[in-house]
Amino acid sequence: DRGGELPHPTNNGHGTTGRSGDQLKLILPPYAEVDGVGRGPHQRQAEFHALPQRIKMYRGGVGAGKSLAGSREIMATILEDLQHSQQLGGADLGGALYLIGAPSYDMIDVGPWFHIVQWLDAFERVNSFKLEKRRWESHPRRIELITGQVLKFLSVDNPSKWAAATACSAWLDESEL
């Protein structure tokens, strides 16, 4: 459900989260930037984001925008979870885990890690504060948000790294089916 005033990840930087003066208002960064100009998603990315299902798959060739779309989708999920928590009267999401994987750590570095860090940096520019509290650069990489939510980046070459994880959401980039 993408209800409320939370903008969809296709937002071009003009939406806000929250519904009242007691909630934090956030400006989302542009979906993508080309030569410093904010852009929205292309048609296939927009179709992917518009799917109502919680479990989605976006397939495409090299340069189809899969990693960018996946990063925007999981960041929207994280913000939606925060908004939902606030609507229920609390915002403590400490320890909420979001797993992000790819076939290797090299693929994580150039795909999910790159796009999420880029989004977080752009978020800071448009909101004048950081959403992230701490960033671990060594593998397995992690990002802890100021809300307590944790993004953990794992290689799927060893499935035991994912064992017994209780996650709010997961995103697998560059998977082969």
Side-chain angles (χ1 to χ4, degrees), residues 2 8-11 28-36 38-82 93-125 130-177:
R2 294 194 184 280
H8 191 271
T10 60
N11 175 283
L28 295 182
Y31 187 85
E33 289 187 26
V34 177
D35 297 326
R39 305 288 173 133
H42 60 65
Q43 181 180 345
R44 293 267 329 265
Q45 290 169 323
E47 291 168 1
F48 166 74
H49 292 303
L51 293 171
Q53 294 84 3
R54 181 101 170 138
I55 298 173
K56 304 177 184 188
M57 183 172 79
Y58 179 15
R59 293 183 67 180
V62 174
K66 301 177 299 291
S67 297
L68 178 62
S71 69
R72 297 316 184 252
E73 190 71 24
I74 200 159
M75 293 310 298
T77 297
I78 289 167
L79 292 175
E80 287 170 354
D81 289 350
L82 177 61
L93 294 174
L97 180 63
Y98 298 83
L99 296 175
I100 301 165
S104 69
Y105 283 117
D106 287 341
M107 292 180 93
I108 286 171
D109 292 347
V110 299
W113 179 262
F114 172 79
H115 288 294
I116 288 177
V117 166
Q118 186 181 48
W119 188 92
L120 288 168
D121 291 346
F123 178 93
E124 181 181 2
R125 282 193 306 275
K130 287 185 173 194
L131 186 57
E132 67 181 285
K133 179 178 180 181
R134 193 175 330 168
R135 187 185 293 184
W136 288 264
E137 298 281 340
S138 61
H139 295 294
R141 291 182 173 194
R142 290 180 297 158
I143 297 173
E144 180 183 0
L145 302 179
I146 59 175
T147 59
Q149 296 159 296
V150 176
L151 291 75
K152 189 171 184 180
F153 298 77
L154 297 168
S155 169
V156 296
D157 63 343
N158 182 353
S160 67
K161 294 175 186 173
W162 293 67
T166 301
C168 296
S169 187
W171 164 36
L172 184 57
D173 194 38
E174 299 296 342
S175 64
E176 186 171 324
L177 300 173

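For reference, positions follow the sequence shown, starting with 1.
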Does Gln45 form a side chain to side chain contact (heavy atoms under 4.5 Å, CB included) with Tyr58? I'd like the steps, not just the answer. CA-CA 8 Å; Gln45 290 169 323; Tyr58 179 15; 3.6 Å; yes
Within the supplied structure, the quantity of interest is the number of heavy atoms (other residues, nucleotides, ligands) at a distance under 6.0 Å from Gln43 CD; does it exceed 12? no
Which residue in the set Leu82, Leu120, Leu79 passes side chain to side chain contact (heavy atoms under 4.5 Å, CB included) when paired with Leu145? Leu120
For [X] and [Y], work out which heavy atoms get closest and say how close.
X      : Y      : answer
Gly60  : Lys66  : O-NZ, 3.1 Å
Pro30  : Gly38  : CB-CA, 3.7 Å
Pro29  : Ala122 : CB-CB, 3.5 Å
Arg72  : His115 : NH1-O, 3.3 Å
Ile143 : Trp136 : N-CE3, 4.3 Å
Ile108 : Ala102 : CG1-CB, 3.5 Å

Side chains of [X] and [Y], heavy atoms from C-beta outward: is any pair under 4.5 Å?
X      : Y      : answer
Trp171 : Thr77  : no
Phe153 : Leu99  : no
Glu132 : Leu151 : no

Step by step, work out the side chain to side chain contact (heavy atoms under 4.5 Å, CB included) result for Ile78 and Thr147. CA-CA 10 Å; Ile78 289 167; Thr147 59; 5.6 Å; no
Is the backbone of [Y] close enough, under 3.5 Å, to the side chain of [X] for a donor and an acceptor to pair up by distance?
X      : Y      : answer
Ser160 : Ala163 : no
Lys152 : Gly101 : no
Arg142 : Val150 : no
Arg44  : Arg59  : yes

What's the separation between atom [atom1] in [X] and atom [atom2] in [Y], rounded to the nearest 0.5 Å?
X      : Y      : atom1 : atom2 : value
Glu47  : His42  : CD    : NE2   : 9.5 Å
Cys168 : Glu80  : SG    : CD    : 12.5 Å
Phe48  : Lys56  : CZ    : NZ    : 5.5 Å
Ser155 : Met107 : OG    : CE    : 10.0 Å
Asp121 : Lys130 : CG    : NZ    : 7.5 Å
Asp157 : Tyr105 : CG    : OH    : 7.0 Å

Step-by-step side chain to side chain contact (heavy atoms under 4.5 Å, CB included) determination, Trp113 to Ile100: CA-CA 9 Å; Trp113 179 262; Ile100 301 165; over 6 Å; no
Run the side chain to side chain contact (heavy atoms under 4.5 Å, CB included) test on Met75 and Ile116 for me, step by step, so that the C-alpha distance in whole Å, both residues' side-chain angles and the decisive distance to 0.1 Å come before the verdict. CA-CA 8 Å; Met75 293 310 298; Ile116 288 177; 4.1 Å; yes
Does any pair with a residue in residues 99-108 pass salt bridge (charged side-chain N to carboxylate O under 4.0 Å, His left out), and if so which ones, sequence neighbours excluded? none
Salt-bridge contact Glu124-Arg135 (side-chain N to carboxylate O under 4.0 Å): no
